[in-house]
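Some notes on the structure that comes next.
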Amino acid sequence: MQPYTLTTKTEFLPPKKKYQRLAKLSRQKYLFMMILPAFIVTTLFAYGPMFGLYMAFINYSPGGGSFFSQFFHSEFVGFSWFHYFFNNGDFYIIMRNTLATSGLSLLIGFPAPILLALIINEVRQGFFKKFVQTASYLPYFISWVIAANIIVTFLSSQGILNKLLVLFHLTDQPVQFLQNGHYFWIIIAISNMWKDMGFNSIMYLAAIAAINPEVYEAARVDGANKIKQMVHVTLPALRPTIVILMILAIGGILNAGFDQQYLLQNTTVLHYSEVIDTYAYRYGLQNSMFSYGAAVGMFKSVVALVLVISVNAISKKVNEVSLF
């Protein structure tokens with residue numbers, strides 16, 4: 001009598017079904033080869049450096065030895081750097097500036113590309129439409145070094161804005177915009193909108209282009225004018241794109257930006273311009289408090305991860321649209 005042996009499920013499958021997955025992978029081998037360079041680059045430059053997060057839990061101080069020797073033999077201090085960040089006097093100011101700048105940028109900058117995409121979509125004259133698209137995209141490709149100089153020149157005491165304000169008697173003397181902290185948050189928000197609005201509208205224009213023209217034709221037959229077509233046809237079709245980009249935007253609420261903040265700030269507005277990114281740079285690199293800077297950066301990343309997961313779960317339950 002033959003001994004009983006356990007038969008796996010795959011042994012009952014015909015050869016065609018049994019090797020279907022391997023055959024599918026074999027057919028797609030060239031696609032995997034195409035994404036291999038991107039996978040390697042992402043692994044090396046996005047996931048590889050994550051071992052450096054350990055620096056937030058040690059008291060790292062570079063010395064005469066090798067980096068790895070100093071790194072792995074530094075004193076382990078646990079959550080001491082996080083405790084120091086949460087309990088010193090800078091935490092409230094840094095979080096206030098970061099949330100205020102990001103919140104205003106989200107409030108002003110998020111609807112702007114949607115509105116721009118809707119307007120561009122309604123333009124029927126081909127040359128003018130291409131001109132508007134190109135003009136709106138250009139600021140995105142300008143580095144923040146050049147953009148900051150343009151903004152500083154525009155807002156200076158002898159800049160165009162102040163000349164217009166004096167010309168129309170809206171003010172008696174030039175306004176020192178970049179020396180007044182109360183203006184700094186709105187300046188950053190408008191600058192971000194100006195720079196990113198055209199490029200971000202591309203995604204919405206692509207979503208609009210995918211709408212079936214017959215839907216618009218049916219709406220016109222029902223008597224819908226242009227405004228009603230936007231409200232009842234275009235915007236519902238854009239809803240999945242809007243929700244996904246909103247999830248990503250809320251997840252990056254603590255990412256107030258580094259370049260624009262660092263280039264436009266000065267000592268007179270530092271109380272309003274210092275955000276998490278510039279704070280981590282100032283303490284982590286300029287003051288050589290590497291572990292403290294790593295702890296501040298890790299705090300921002302953890303909050304962003306929690307926000308993305310939370311907002312994605314809420315959106316999935318409420319709108320049935322989610323990022324993952």
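Counting begins at 1 with the first residue of the sequence. All values below come from the heavy atoms of this structure, side chains included, with hydrogens, waters and symmetry mates left out.
Checked by atom type and distance alone, the side chain of Ser136 pairs as donor or acceptor with a backbone atom of Gln133 at under 3.5 Å. Ser156 places a side-chain N or O within 3.5 Å of a backbone atom of Thr153 that can act as its donor or acceptor partner. The closest donor-acceptor contact from the side chain of His73 to the backbone of Ser69 lies under 3.5 Å. Between the side chain of Ser201 and the main chain of Leu116, no donor-acceptor pair closer than 3.5 Å is present. With hydrogens and angles disregarded, a donor-acceptor distance shorter than 3.5 Å links the side chain of Lys195 to the backbone of Ile142. Of the possible polar contacts, none joining the Ser315 side chain to the Asn312 backbone as a donor-acceptor pair under 3.5 Å is found. The backbone N or O of Asp196 lies less than 3.5 Å from a partner atom in the side chain of Asn200, making a donor-acceptor pair.
Ring-plane geometry between Phe86 and Phe82 is classed as tilted, the angle between the planes lying from 30 to 60 degrees on a 0 to 90 degree scale.
Looking at Tyr279 and Asp90, their side chains do bring a donor and an acceptor atom within 3.5 Å of each other. No donor-acceptor contact under 3.5 angstrom links the side chains of Ser288 and Tyr283, judged on distance only.
The number of heavy atoms from other shown groups lying within 6.0 Å of NZ (Lys316) does not exceed 12. Within 6.0 Å of CZ on Phe72 lie more than 12 heavy atoms contributed by other residues, nucleotides or ligands. Within a 6.0 Å sphere centred on CD of Gln158, heavy atoms belonging to other residues, nucleotides or ligands number 12 at most. By the 6.0 Å contact criterion, OH on Tyr140 is open, its count of non-hydrogen atoms from other residues, nucleotides or ligands being 12 or less. No more than 12 heavy atoms of other residues, nucleotides or ligands lie within 6.0 Å of CD in Gln173, so this atom counts as exposed by the packing criterion. Summarising the local packing, CZ of Phe91 is surrounded by more than 12 heavy atoms from other residues, nucleotides or ligands at distances under 6.0 Å. Other residues, nucleotides and ligands place more than 12 heavy atoms under 6.0 Å from the CG atom of Asn87. More than 12 heavy atoms of other residues, nucleotides or ligands lie within 6.0 Å of CG in Leu285, so this atom counts as buried by the packing criterion.
Using a 4.5 Å cut-off between side-chain heavy atoms of Ile, Leu, Val, Met, Phe, Trp and Tyr, with links allowed through other members, Met95 and Leu104 fall into different hydrophobic clusters. Cluster membership check: Ile309 shares its hydrophobic cluster with Met246, using side-chain heavy-atom separations under 4.5 Å among Ile, Leu, Val, Met, Phe, Trp and Tyr. A chain of hydrophobic side-chain contacts below 4.5 Å, direct or via other Ile, Leu, Val, Met, Phe, Trp or Tyr residues, connects Leu99 to Val296. No single ILVMFWY cluster, assembled from side-chain heavy atoms under 4.5 Å apart, contains both Ile151 and Ile146. No path of Ile, Leu, Val, Met, Phe, Trp and Tyr side chains, each step under 4.5 Å between heavy atoms, connects Leu205 with Met203, placing them in separate hydrophobic clusters.
Closest approach of Ala117 to Ile208, counting heavy atoms only: O-CD1, 4.0 Å. Taking both residues in full, the closest heavy atoms of Thr278 and Phe258 are given as CG2-CD1, 3.8 Å, listed atom of the first, atom of the second, then distance. The two residues Ala304 and Gly251 come nearest to each other via the heavy atoms CB-O, 3.0 Å. Here the shortest heavy-atom pairing between Ser157 and Gln176 reads CB-NE2, 3.7 Å. Between Phe290 and Gly284 the shortest heavy-atom distance is CD2-O, 3.2 Å. Heavy-atom minimum distance, Val275 versus Gly257: CG2-O, 3.7 Å.
Side-chain contact between Leu118 and Leu235: present, with at least one pair of heavy atoms (C-beta onward) separated by less than 4.5 Å. The closest side-chain heavy-atom distance from Arg220 to Asn225 is not below 4.5 Å. Taking 4.5 Å as the limit, every side-chain heavy atom of Tyr292 sits out of range of all side-chain heavy atoms of Asn287. No side-chain heavy atom of Asp277 sits under 4.5 Å from any side-chain heavy atom of Thr98. The shortest distance between side-chain heavy atoms of Ser74 and Asn59 does not fall below 4.5 Å. Proximity of Gln70 to Ser61: side-chain heavy atoms (C-beta onward) are nowhere separated by under 4.5 Å. In this structure, Tyr204 and Ile242 have side chains that are in contact, with non-hydrogen atoms separated by less than 4.5 Å. Annotation: side chain of Phe57 is in contact with side chain of Met298 (closest heavy-atom distance under 4.5 Å).
Put simply, CD1 on Ile186 and OG on Ser105 are 8.5 Å apart, with the number rounded to the nearest 0.5 Å. The OG1 atom of Thr171 lies 10.0 Å from the CG atom of Leu161; values are rounded to the nearest 0.5 Å. Between atom CZ of residue Arg96 and atom OG1 of residue Thr101 there is a gap of 9.5 Å, rounded to the nearest 0.5 Å. Atom CD1 of Ile253 sits about 12.5 Å away from atom CG of Leu248, to the nearest 0.5 Å. Atom CH2 of Trp144 is separated from atom CG of Leu263 by 8.5 Å, given to the nearest 0.5 angstrom. Within the model, atoms CG of Leu264 and CG of Asn149 stand 9.0 Å from one another, a figure rounded to the nearest 0.5 Å.
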Next on the checklist: For Phe110 and Leu245: C-alpha separation, side-chain torsions, deciding distance, then whether side-chain contact (heavy atoms from CB on, under 4.5 Å) applies.
Outcome noted: CA-CA 9 Å; Phe110 190 81; Leu245 293 179; 4.0 Å; yes
Item to check | side-chain contact (heavy atoms from CB on, under 4.5 Å) between Met50 and Leu53, worked out | outcome: CA-CA 6 Å; Met50 288 184 70; Leu53 293 175; 4.2 Å; yes
Next on the checklist: Is there a side-chain contact (heavy atoms from CB on, under 4.5 Å) between Val152 and Leu178? Walk through the geometry before answering.
Outcome noted: CA-CA 8 Å; Val152 169; Leu178 293 175; 3.7 Å; yes
Next on the checklist: For a side-chain contact (heavy atoms from CB on, under 4.5 Å) check, start with the C-alpha distance between Asn97 and Trp185, then their side-chain angles and the critical distance, and finish with the verdict.
Outcome noted: CA-CA 8 Å; Asn97 296 342; Trp185 296 340; 3.3 Å; yes
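Val303 pairs in a side-chain contact (heavy atoms from CB on, under 4.5 Å) with only one of the listed residues (Val308, Leu254, Ile276), which is Leu254.
Scored by the ring pair (Phe, Tyr, Trp, His ring centres under 6.0 Å) test, His182 finds Tyr272 as partners (sequence neighbours excluded).
If you look at Phe51 and Phe71, their ring centroids are closer than 6.0 Å. Ring to ring, Phe177 and Phe184 are not that close: their centroids are 6.0 angstrom or more apart.
Asp222 has no carboxylate O lying under 4.0 Å from a charged side-chain N of Lys228, or vice versa, which leaves the two without a salt bridge.
The side chain to side chain donor-acceptor pair (under 3.5 Å) contacts involving residues 252-271 comprise Asn192-Gln260, Gln265-Ser273, Asn266-Thr268, where partners must be two or more places apart or lie in separate chains.
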